[in-house]
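Report on the following structure.
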2 protein chains.
Amino acid sequence: MPERTPRKDAARNRAAVLAAADTLFTRCEHPDDVTMADIAAAAGVGKGTLFRAFGDRTGLIRALYETRLEPVRENVEQGPPPLGPATPPLQRVLALLDAVLCFKLDNRHLALALEQTGSDSPYRTEHYERWHAVLRGLLDRIPGLSGTGVTDFTAHALLAATRADLVAYLTTEKGLPRDEIRAGLAEFAARTLGADTTPGPVAEG
Amino acid sequence: MPERTPRKDAARNRAAVLAAADTLFTRCEHPDDVTMADIAAAAGVGKGTLFRAFGDRTGLIRALYETRLEPVRENVEQGPPPLGPATPPLQRVLALLDAVLCFKLDNRHLALALEQTGSDSPYRTEHYERWHAVLRGLLDRIPGLSGTGVTDFTAHALLAATRADLVAYLTTEKGLPRDEIRAGLAEFAARTLGADTTPGPVAEG
DNA sequence: GGAGAAGCGGACCGCGGGTCCGTATCGTAC
DNA sequence: GTACGATACGGACCCGCGGTCCGCTTCTCC
């Protein structure tokens, strides 16, 4: 439990690996194209180092994902409206979903890599539990939804609409432009929340 | 294009492999536990036969999935209400979603295996396109939704709420009972469709 | 600067998907 | 029934990837 501080070279290498993995996942066509050996080589590091630092492939991807996600998390937890806590529930739900969607659009390959890490459910992650808890809490505060006991499922369902492979499919296969997907999600969410449909343009976070 | 009929032993082996794979996937804890060699052994067949018949692992899983799904498809396309075509759109959407959900509950491991076939998007399948097309067609006929141009996304989003890994997570990790999930999905769907919430009990198909 | 802990790296391993080809079986023509 | 080409069989084999191991290097602390 003393949580001793890591050695200098270890910290440097860890950062190098994350950076290398980031660029590799960004450039690649499909997450499987990026092997652990590739990442090690790109980081100028041995494979052992990489596994020592992150445990396994899933651990590395998770760490990278969390790192990238950090700014969004911060914005949600203590940022200004419309993402921050001062926003009224309904608008904040919409803002949050849009933020998650945009994140997945911007980090398509990384999110894909994370979600399709075969042996490990994408739902068993810290950040998913976090999003779900926040979303559920907001839904409970929306009139007409609270107390029905289905806010839990609703939160899951809304997040499911931002799944990385769905996003990848809509953009890559179907060629849908970014804003069309955002508008689709926004209207879908608004509808399930009982808000009237106001499809006005959305500002980028 | 002549599509010559397969040899008798080939047909027999194909059936044996499908049957073996079915029981193995049903029994297993996680889809990855079932290897191609396992399936071949259980079917009393060489690995070569298996790959000759189905191309690759994905092909085998897809074939098995489609086979299992066939009755549901038939019911939707030409069965009696509430799944069949005679049902008014809104109710039929609900019935269809419930049918898909029940299918995934009943074939959890198989659906999981299919959806997490790494290198191949679960959206690029015949049956997904089919469900989506049907659903979208129904949504277009529901007053208050048609013409908005978002029925396409809505159909995707509704189907996303039935994703196999979400279902697996809710049942296995969260321990939610079957009917609670069905009720959750039903209410969620009803809400997005603008129907008032009538959480009455649902009959099993 | 010396000792010991912490970290490094890349040869190595096991396993699983996919291939290959000599052999067995089937369908058909006679 | 038999002979023969086409088709399918099967399991030894290959390859690539995630993950491990251990002799060597580098850091840290006194």
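Note on naming: letters A, B, ... go to the chains in the order of the sequence lines (proteins, then strands), and numbering restarts at 1 for each one.
Atom CG of Leu50(B) and atom C1' of dG17(C) are 11 Å apart (whole Å). The CD1 atom of Ile39(A) sits 14 Å away from the C1' atom of dG19(D) (whole-angstrom rounding). Distance, Asp38(A) CG to dG16(D) P: 12 Å, rounded to whole Å.
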Enumerate, atom names and distances included, each donor-acceptor pair closer than 3.5 Å involving a side-chain atom of residues 80-95 of chain B, sequence neighbours excluded.
unit_1	atom_1	unit_2	atom_2	d
Thr87(B)	OG1	Pro82(B)	O	2.9
Thr87(B)	OG1	Gly84(B)	O	3.0
Arg92(B)	NE	Leu83(B)	O	2.8
Arg92(B)	NE	Gly84(B)	O	2.8
Arg92(B)	NH2	Val76(B)	O	2.9

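Contact record, Val150(B) with Gly184(A): CG1-CA, 4.3 Å, taken as the closest heavy-atom pair.
The nucleotide whose nearest atom lies closest to any side-chain atom of Arg52(B) is, among dG9(C), dT19(C), dA8(D), dA8(D). Among the nucleotides dC27(D), dA8(D), dG18(C), the one closest to the side chain of Asp9(B) is dA8(D). With dA6(C), dC12(C), dC17(D) as the candidates, the nucleotide lying closest to the side chain of Lys47(A) is dC12(C). Of all nucleotides listed (dG17(C), dG18(D), dC27(D)), dG18(D) comes nearest to the side chain of Met36(A). Considering only the side chain of Ala10(B), dA8(D) comes nearest among dA8(D), dG18(D), dC8(C). In the set dC9(D), dC27(D), dG18(C), the nucleotide with an atom closest to the side chain of Phe51(B) is dG18(C).
Checking each of Thr26(B), Thr172(B), Asp165(B) against Arg108(B) for a side-chain hydrogen bond (donor to acceptor under 3.5 Å, both in side chains) leaves exactly one that passes, namely Thr172(B).
The phosphate of dA8(D) (OP1 or OP2) has no side-chain N or O of Thr49(B) nearer than 4.0 angstrom. At dC17(D), none of the side-chain N or O atoms of Thr35(A) fall inside 4.0 Å of OP1 or OP2 (strictly under the cut-off). When the side-chain nitrogen and oxygen atoms of Asn13(B) are compared with OP1 and OP2 of dA8(D), none of them lie within a distance under 4.0 Å.
A donor and an acceptor atom sit less than 3.5 Å apart, one in the side chain of Arg7(A) and one in the base of dT26(D).
For Pro6(A) and Gly46(B), each mapped to the nucleotide of DNA chain D holding its nearest heavy atom, the one lying further toward the 5' end belongs to Gly46(B).
Aromatic pair Tyr128(B)/His156(B): ring centres closer than 6.0 Å.
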